[in-house]
Structures are given as structure tokens and as C-alpha cells.
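Here's the structure, in C-alpha cells; my notes come after.
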Amino acid sequence: AIRVLLGFLPPSSGVARIFGRDCWGDSRAIKAEVGYLPGDLRLYPWLSGLEAVRIVERVRRKTLLASARDLAELFDLDLKVKVRHMSRGMRQKLGIILALAHRPQLLVLDEPTMALDPLMQATLQAHLRELASKGHTLFFSSHTLSEVEQLCDEVAIIRQGKIVANESLASLRNKVRRQATIRFRAHSIPEQAPPILDNLRQDGMTWTGSLHGSVDELVAFLAAYELEDLIVEAPDLETLFRSYYDDRGKT
């Protein structure tokens, strides 16, 4: 999908558009306003960060050094270091800087936090949220679903090459039942679950299941028992994702 959007591959059918332009026929014009970080970033080992920025400056015909230096300070990267001496995380930072330096209208990121430590992941996420608040659009692909959940407002799920869901995260959550986890105290456990709990899993004194009734109904049922804990939570993105890949999600 990303390769089609960026004009690297023609669509086998239909049309892909960015900014109202055809991604294949108008690819050059589109790329002027797009920043791209590939999932498998490759950089020449003899390049320093500064040399990489200068090459991108020539390609984009823009002065990017000041912006790149600001980003390098934010992501704690020494632009004088050559790629051959960079760790994988440093190379990822350089790729992010090169994608962001021209302040693109659309930013396409494929697994952007790969190889970044947790503190740098948080720095990147905060910066991306700031860009989004200023009107920039982020197209973000990741197999780390907790990361998608933290960053994205709209989510698309692809199954066997087809988009099976494309809507807001809140809307997706409303389609999947809340999860209830109940921890009973010893010798205070029901003989059977209430009908408002489905897909019940029992592990000793702990019950976990899908709630299809109200929390009030569950609390009323549990009032007769002694509890260690009760947790009722909205499904996380991994649960939503799996719902499209189990038997119920097949199309």
C-alpha cells in the first residue's frame, strides 16, 4: 500500500490519490510535499549525517540544514558521525530527520520507532503529535499495536491485502465488547458465570471474559461474593485487530 501511495508501484486496479493527485502519474509533484521513512532504511556507510542532509537539500532544492540541526538536537544525534559508525538506533534517527527536515505536509512512516530506546520513542511520539496538532497528516504503519493506539485517531486494518476496517479508534472499540477481569477471594467463587459474561476463561480464582451487559449488572451479580479485584476495560487495539482475524472476522 505504501509503495503504491508513493508511486513506487502502479496499482493493479483502481486509483490511488494524495492531495487529489494520481499517485502514479503525479508522483513527482506529490513527493515534494511528502516525507518518507522506510521500514528497512538503507544509507551509504560513507555518508555522515551532514552529508546526507546536503544530498536531500539538493534533491528537494531547499535549505534544510537549520531544520535538520534542530531535529538532531531533539533526537540527540551527532550529524558529524558517519553511517558506518552509527548504531542501528542512530541510523533510524537520521532517517527520521531526513524525512522531517523539509516539514512535509504528509509524513509516511513505516515502523518509525524500530531500534529506538523507550525514551526516544516517547520523544518521537510527542513530536509527531505536535506536528498533527499543527495540521500535518501522518500515515503510520506499525506491527506494534500499542504504539498505533497511542498515536493514531483513525485506524485501518488490512487482512489478506484488503482493508477490512477503516474508521476511528473509538468507533472500532464500540464494536468489540469490554473485557472484565474478576479476582475472587478464596472460598468465594460462583459455581457458574452470569449470562452477561462470554468467552469465560478461568485461572484459579481469576475469571476473564467479554462483557455484553452493563457494569451495573455485573456488580449486582458479584455483590454476593468476596473480591480481590474487578477490572472492566475497553478492548485494546490488539484485541480489536484479532477480532478481524478469528473465525468471526473472516469474510
Side-chain angles (χ1 to χ4, degrees), residues 39 89 109-130 132-133 138-251:
L109 304 171
D110 191 358
E111 305 286 352
T113 61
M114 186 183 301
L116 299 181
D117 64 55
L119 292 177
M120 197 52 60
Q121 289 180 25
T123 299
L124 175 60
Q125 289 168 4
H127 186 68
L128 295 179
R129 283 192 290 269
E130 181 182 353
S133 70
L138 279 63
F139 184 95
F140 176 77
S141 173
S142 177
H143 290 91
T144 307
L145 299 185
S146 59
E147 183 176 62
V148 176
E149 195 166 14
Q150 291 173 3
L151 279 174
C152 297
D153 302 312
E154 302 283 333
V155 176
I157 295 175
I158 297 176
R159 183 177 184 272
Q160 296 180 350
K162 294 183 179 180
I163 295 176
V164 294
N166 184 14
E167 53 193 298
S168 71
L169 186 55
S171 177
L172 279 175
R173 279 183 170 146
N174 288 335
K175 294 182 177 181
V176 180
R177 294 171 179 170
R178 288 171 292 178
Q179 301 298 299
T181 301
I182 310 158
R183 296 188 182 93
F184 296 94
R185 288 183 179 174
H187 311 298
S188 180
I189 188 167
E191 293 184 2
Q192 62 183 23
I196 57 174
L197 277 181
D198 287 339
N199 303 318
L200 186 68
R201 300 182 297 279
Q202 300 184 42
D203 181 10
M205 305 302 291
T206 301
W207 285 7
T208 304
S210 301
L211 179 64
H212 65 86
S214 69
V215 176
D216 286 343
E217 290 176 279
L218 180 61
V219 170
F221 171 82
L222 295 173
Y225 304 93
E226 296 182 21
L227 304 183
E228 289 287 351
D229 201 2
L230 169 62
I231 302 171
V232 180
E233 55 188 347
D236 60 18
L237 188 55
E238 183 172 350
T239 302
L240 295 170
F241 180 82
R242 289 181 182 277
S243 72
Y244 285 90
Y245 277 79
D246 63 17
D247 290 339
R248 292 168 297 169
K250 289 182 179 179
T251 56

(request) Check ring pair (Phe, Tyr, Trp, His ring centres under 6.0 Å) between F139 and all other residues, then give those that pass, not counting sequence neighbours. (result) none
(message) Measuring from atom CG of L151 to atom CD of Q125, what distance do you get when rounded to the nearest 0.5 angstrom?
(response) 4.5 Å
(message) With side-chain contact (heavy atoms from CB on, under 4.5 Å) as the criterion, how do V148 and F140 come out once you've worked through the C-alpha distance, each side chain's angles and the decisive distance to 0.1 Å?
(response) CA-CA 8 Å; V148 176; F140 176 77; 3.6 Å; yes
(request) Could you tell me the separation between the CZ atom of R185 and the CE atom of M205, rounded to the nearest 0.5 Å? (result) 11.0 Å
(request) List the steps, then state whether side-chain contact (heavy atoms from CB on, under 4.5 Å) holds for T206 with F184. (result) CA-CA 6 Å; T206 301; F184 296 94; over 6 Å; no
(request) State, to 0.1 Å, how close G204 and I189 come at their nearest heavy-atom pair, and which atoms those are. (result) O-CD1, 3.9 Å
(request) Please report the C-alpha distance between L109 and L128 in whole Å, then the side-chain angles of each, then the deciding distance to 0.1 Å, and finally whether the side-chain contact (heavy atoms from CB on, under 4.5 Å) criterion is met. (result) CA-CA 11 Å; L109 304 171; L128 295 179; 3.7 Å; yes
(request) Compare all side-chain heavy atoms of V164 with those of I158 and state whether any distance is below 4.5 angstrom. (result) no
(request) Could you pull out the closest heavy-atom pair between G89 and L116, with the gap in Å? (result) O-CD2, 3.8 Å
(request) Using a cut-off of 6.0 Å, state whether more than 12 heavy atoms not belonging to D203 lie near its atom CG. (result) no
(message) Please give me the minimum heavy-atom distance between L197 and A180, naming the atom from each residue.
(response) CD2-CB, 4.0 Å
(message) My understanding is that only residues two or more places apart in sequence, or in another chain, count here; which of them pass side chain to side chain contact (heavy atoms under 4.5 Å, CB included) with D229?
(response) R183, I231
(request) Please name all residues satisfying side chain to side chain contact (heavy atoms under 4.5 Å, CB included) with A115, sequence neighbours left out, ordered by chain then number. (result) R88
(request) Begin from the C-alpha positions of R178 and V215 and carry the test side-chain contact (heavy atoms from CB on, under 4.5 Å) through to its verdict. (result) CA-CA 10 Å; R178 288 171 292 178; V215 176; 3.5 Å; yes
(message) Can you list everything that forms a side chain to side chain donor-acceptor pair (under 3.5 Å) with S210? Sequence neighbours excluded, please.
(response) Q179
(message) What I want to check is whether the side chains of E130 and S133 have a donor and an acceptor closer together than 3.5 Å.
(response) no
(request) State, yes or no, whether a side-chain contact exists between M120 and T113 at a heavy-atom distance under 4.5 Å. (result) no
(message) Going by side chain to side chain contact (heavy atoms under 4.5 Å, CB included), name the residues that satisfy it together with L230, two or more places apart in sequence or in a different chain.
(response) I182, L218, V219, L222, L227, V232
(message) Would you compute the distance between atom OG of S168 and atom CD of E154 and round it to the nearest 0.5 angstrom?
(response) 5.5 Å
(request) Look at the side chain of H127 and the backbone N and O of A122, then say whether any donor-acceptor pair between them is shorter than 3.5 Å. (result) no
(request) Kindly give the heavy-atom pair with the smallest separation between C152 and V155, and that separation in Å. (result) CB-CG2, 4.4 Å
(request) State which residues pass ring pair (Phe, Tyr, Trp, His ring centres under 6.0 Å) with F221; sequence neighbours excluded, sorted by chain then number. (result) Y225
(message) Can you give me the closest heavy-atom contact between P112 and S141, atom names plus distance?
(response) CD-O, 4.0 Å
